Amino acid sequence: MAIEVFWISGSPFAWRVLLTLEAKRLPYESHRLEFSKRDLHTPEYLAINPRGQVPTLRDGGYVVYESIAIMAYLERRYPETPLFGISAEETGAIWRVICEAASYLEQPMESFILPIYGDAATEKADQVRAALPTIRDELTRLEAALRDRDWLATQAISAADIAVFPLVKSLLRAAGKPAASAFEHGLTPFSTKYPALAAWLVRVEALPGYERTYPPHWR
Ligand SMILES: N[C@@H](CCC(=O)N[C@@H](CS)C(=O)NCC(=O)O)C(=O)O
């Protein structure tokens, strides 16, 4: 039975799973859901993801949600093309980057992008403004990590890169929206402000199958 993935276009968390499947060259059946059609709240979907969120992965009779948990499951189940490191040291470095992104970047990223996407940037201007210093600080840390190597945690692409990439792309998309110009966000021009990260984005985008993962409604 095929691996099935349930996702919505533009979800950075779902994007992680699509990138992982492509990086591991695993065939999968894609179920693109629409938030506006309340696809995430049908009884059938809530039965596999009681939070009514994406992503969710079904592999035969097994179901798992939470993007990083899905990535860890895929690694264990399909170890070819390892993404969580070969040595104990690599695994530690990869998980450190993932945990840092989850602990320090995800929430500020959402505080910035969701009001901008949702036409609420004026109403939630304080929230947007408050998130920006942390976002810049975290991007500076990522930039520093790339000073001496091509990838965030190890010498090859890893789950750390895949977990962080959609967060950075989402920040950049929001930063390019007209509503973002009301804030001195300092994120652009990205290749000037964060040159190593900009070059790293291009490296991730060269992953075979990347185009299949790109959020369709962003095109
Ligand atoms: N921690 C979760 C976050 C998932 C999440 O926030 N998904 C959003 C889309 S970006 C969602 O499904 N939102 C719908 C909702 O909460 O109603 C993960 O990593 O999978």
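One-based numbering, in listed order, for ligands and for the atoms of each. Computed from a predicted model, the values in this text were never measured in an experiment.
The N/O atoms of Glu66, backbone and side chain alike, include one that comes under 3.5 Å of an N/O atom in ligand 1.
Selection from Met71, Arg16, Gln53 by nearest heavy atom to atom 11 (C) of ligand 1 gives Gln53. Heavy-atom proximity to atom 20 (O) of ligand 1, evaluated over Ser67, Ala69, Ala163, Pro166, is greatest for Ser67. Between the choices Ile113, Thr56, Val54, the shortest heavy-atom distance to atom 12 (O) of ligand 1 belongs to Val54.
Open room surrounds CZ on Arg25; 12 or fewer heavy atoms of other groups in view lie less than 6.0 Å from it. Around the CZ atom of Arg203, the shell of radius 6.0 Å holds more than 12 heavy atoms that belong to other residues, nucleotides or ligands.
For Tyr210 and Phe165, the distance between ring centers is under 6.0 angstrom.
Inspection of the Tyr104 and Asp137 side chains reveals no N or O donor paired with an N or O acceptor under 3.5 Å. In summary, the side chains of Trp15 and Thr213 do present a donor paired with an acceptor at a separation below 3.5 Å, with no hydrogens or angles considered. Counted by atom type alone, Trp7 and Ser30 present one or more donor-acceptor pairs between their side chains at under 3.5 Å.
Heavy-atom proximity to Pro55, at under 4.0 Å, picks out these atoms of ligand 1: 20 (O). The ligand atoms of ligand 1 that sit less than 4.0 angstrom from a heavy atom of Ser11 are 9 (C), 10 (S). Short contacts between ligand 1 and Leu40, defined as distances under 4.0 Å to a heavy atom of the residue, involve ligand atoms 12 (O), 14 (C).
Distances shorter than 4.0 angstrom occur between a heavy atom of Phe35 and an atom of ligand 1.
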